[in-house]
Q: 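The structure's right below; bear with me while I get my questions together.
The basis for the numbers below is simple: all heavy atoms, side chains too, and nothing from hydrogens, waters or symmetry mates.
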Amino acid sequence: MPLLVTHGWPGSIAEFTKIIGPLTDPVAHGGTAADAFHVVMPSIPGFAFSEAPREAGMDPARIALIEAALMARLGYTRYGVQGGDWGSIISTQVAARDPEHVTGLHLNMCLAGAPTGDDPERGLTEAERARLRRRQVFQAEEVGYQQIQGTKPQTIGIALNDSPVALAAWIIEKFRTWCDCGGDPERIFTKDELLTNLSIYWFTQSAASAARIYYENRHPTLPPVPGRIRAPMACADFPGEIIWSPRRWLEGRYTIVRWTEMPRGGHFAALEQPALLVDDIRAFFRTLR
């Protein structure tokens, strides 16, 4: 089964180094041949080795159309999609805009708006209410990067492209805050893993062009696709995920057929807890082959 996997910011394709082998060659990693995927993991336009857009408007919807066209060009008529961070948003757009070909949608950042015309906390458990409080604190205290990259990406981009120390401070702080690591990222990531991700941004000078996705998302060029996502959806709910919505909110947008509450892990699931993520991807798509 072909599987389109999309990264986010401030991550990169380097996030996926631990899951490529288990997904493509499960027998060599304790799995069965029937669970093998053809894996396609593109860099988002403007990130790393993908050319920076030369005009405005490269928002998640347009990126999704490019990815759907890529899968068609590769000859895939049925494929699954997976993602976290911007990869979650883009993968959802792929499922919405290419429903004839997407067999299933697996997300490790599961996000939806609160139901309208209703108490958004109605029917939630105490644990879900507490997690909403944590999300509200995050939105109040931790999203300065969204404001600058969503309004003046070229300004911060000049600083990040000029100084590797500035780039490291800007990105490593996110890995520290967003991972399930108790404030010590080196409990989860090696220095080589962190520096590899940084180097991809630095040597391609893509900090500014990557930051623009926040601006473009605020200025969408295509109308939204109305209605529910037709493809079956699975949520791998990692407890350290900082962008989160209750299942009740998601049920208005997605056709949820699998929900896995993970025992550990945060925002960078593929790099933090690759085995848990791979097992969940395999289990979900096993029912859709």
Side-chain angles (χ1 to χ4, degrees), residues 4-17 40-67 69-70 83-94 109 111 138-139 141-179 185 189 191-222 242-243 266-268 270-271:
L4 172 67
V5 183
T6 306
H7 65 88
W9 183 95
S12 68
I13 50 176
E15 285 183 74
F16 302 138
T17 53
V40 180
M41 294 174 167
S43 280
I44 298 171
F47 284 70
F49 306 102
S50 288
E51 186 177 3
R54 301 188 181 189
E55 58 184 26
M58 189 59 72
D59 59 14
R62 286 188 62 187
I63 294 169
L65 292 176
I66 289 171
E67 290 194 344
L70 170 65
D85 194 84
W86 284 109
S88 171
I89 296 168
I90 293 167
S91 295
T92 294
Q93 288 283 338
V94 173
M109 187 187 84
L111 184 65
F138 179 86
Q139 291 297 119
E141 302 289 342
E142 297 286 351
V143 296
Y145 72 97
Q146 290 184 12
Q147 297 301 318
I148 184 64
Q149 293 185 170
T151 58
K152 304 294 181 184
Q154 304 306 118
T155 303
I156 189 64
I158 289 172
L160 300 181
N161 278 343
D162 185 64
S163 167
V165 175
L167 182 68
W170 195 250
I171 288 180
I172 299 302
E173 179 264 315
K174 308 303 183 295
F175 275 80
R176 176 187 182 275
T177 303
W178 299 354
C179 73
F189 313 111
K191 279 191 172 69
D192 276 349
E193 288 168 346
L194 294 171
L195 289 170
T196 295
N197 187 68
L198 282 172
S199 296
I200 288 174
Y201 281 89
W202 178 251
F203 291 119
T204 62
Q205 290 286 277
S206 57
S209 55
R212 281 195 65 86
I213 193 170
Y214 287 85
Y215 179 88
E216 302 297 357
N217 187 58
R218 292 189 180 203
H219 304 84
T221 58
L222 297 174
I242 44 82
I243 305 295
H267 188 69
F268 303 96
L271 202 54

Q: Please answer whether the main-chain N or O of Asp192 pairs with a side-chain N or O of Thr196 as donor and acceptor at a distance below 3.5 Å.
A: yes
Q: Between His7 and Ile44 (side chain of the first, backbone of the second, donor and acceptor by atom type, cut-off under 3.5 Å), is there such a pair?
A: yes
Q: Could you pull out the closest heavy-atom pair between Ala208 and Gly157, with the gap in Å?
A: CB-CA, 3.6 Å
Q: Let me confirm one number: the CD-CG distance from Glu193 to Leu271, rounded to the nearest 0.5 Å.
A: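 One finds 4.5 Å between CD of Glu193 and CG of Leu271.
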Q: Please report the interatomic distance CG(Leu65) to CD1(Ile90), rounded to the nearest 0.5 Å.
A: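 One finds 11.5 Å between CG of Leu65 and CD1 of Ile90.
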Q: Looking at Ser88 and Met109, would you say the former's side chain and the latter's main chain have a donor-acceptor pair under 3.5 Å?
A: yes
Q: Would you say His219 and Asp59 are linked by a side-chain donor-acceptor pair, where the criterion is simply a distance under 3.5 Å?
A: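 Note: Asp59 and His219 side chains miss the donor-acceptor criterion.
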Q: Does Tyr214 have any side chain to side chain donor-acceptor pair (under 3.5 Å) partners at least two apart in sequence or in another chain, and if so, which?
A: Trp86
Q: Show every donor-acceptor pair shorter than 3.5 Å between a side-chain atom in residues 8-15 and any protein atom, with sequence neighbours excluded, or say none if there are none.
A:
{"residue": "Ser12", "atom": "OG", "partner": "Ala14", "partner atom": "N", "Å": "3.1"}
{"residue": "Ser12", "atom": "OG", "partner": "Asn197", "partner atom": "OD1", "Å": "2.7"}
{"residue": "Glu15", "atom": "OE2", "partner": "Ser12", "partner atom": "N", "Å": "3.3"}

Q: Compare every heavy atom of Leu167 with every heavy atom of Ala207, then report the nearest pair and how far apart it is.
A: CB-CD1, 4.0 Å
Q: What is the minimum heavy-atom distance between Ala61 and Leu222, and which atoms define it?
A: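 Scanning both residues completely, I find the closest heavy atoms to be CB-CD1, 3.9 Å.
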Q: Taking all atoms of both residues into account, what is the closest heavy-atom pair of Cys179 and Pro185, and its distance?
A: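 Minimum heavy-atom contact is SG-CA, 4.2 Å.
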Q: Kindly assign one of parallel, tilted or perpendicular to the pair Phe268 and Phe175, based on the angle between their ring planes and the thresholds 30° and 60°.
A: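 Rings of Phe268 and Phe175: parallel, as their planes differ by under 30°.
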Q: Could you give me the CA-CA distance, side-chain angles and deciding distance for Ile156 and Gln149, then say whether side chain to side chain contact (heavy atoms under 4.5 Å, CB included) is met?
A: CA-CA 7 Å; Ile156 189 64; Gln149 293 185 170; 4.1 Å; yes
Q: Identify the two heavy atoms, one from Ala56 and one from Glu216, that lie closest to each other, and give their separation to 0.1 Å.
A: CA-OE2, 3.6 Å
Q: Distance only, no hydrogens: is a donor on one side chain within 3.5 Å (strictly under) of an acceptor on the other, for Glu173 and Thr177?
A: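 Checked: Glu173/Thr177 side chains pair up, N/O donor to acceptor below 3.5 Å.
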Q: What heavy-atom pair brings Gly150 and Tyr215 nearest, and what distance separates the two atoms?
A: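 Closest pair (atom of Gly150, atom of Tyr215, distance): O-CD1, 3.3 Å.
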Q: When rounded to the nearest 0.5 angstrom, what is the spacing between CD1 in Ile243 and CD in Gln139?
A: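 Atom-to-atom, Ile243:CD1 and Gln139:CD are 5.0 Å apart.
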Q: Atom CH2 in Trp202, atom CD1 in Ile171: separation rounded to 0.5 Å?
A: 11.0 Å
Q: With no hydrogens and no angle check, is any side-chain donor or acceptor of Thr6 less than 3.5 Å from a backbone partner on Ser91?
A: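 No: the side chain of Thr6 does not pair with the backbone of Ser91.
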Q: State the CD1-CE distance between Ile213 and Met58, to the nearest 0.5 angstrom.
A: 10.0 Å
Q: Apply the test side chain to side chain contact (heavy atoms under 4.5 Å, CB included) to residues Tyr201 and Ser206: give CA-CA distance (whole Å), side-chain angles for both, the deciding distance (0.1 Å), then the verdict.
A: CA-CA 5 Å; Tyr201 281 89; Ser206 57; 4.0 Å; yes
Q: Any chance you could measure Glu67, atom CD, to Gln93, atom CD, to the nearest 0.5 Å?
A: 11.0 Å
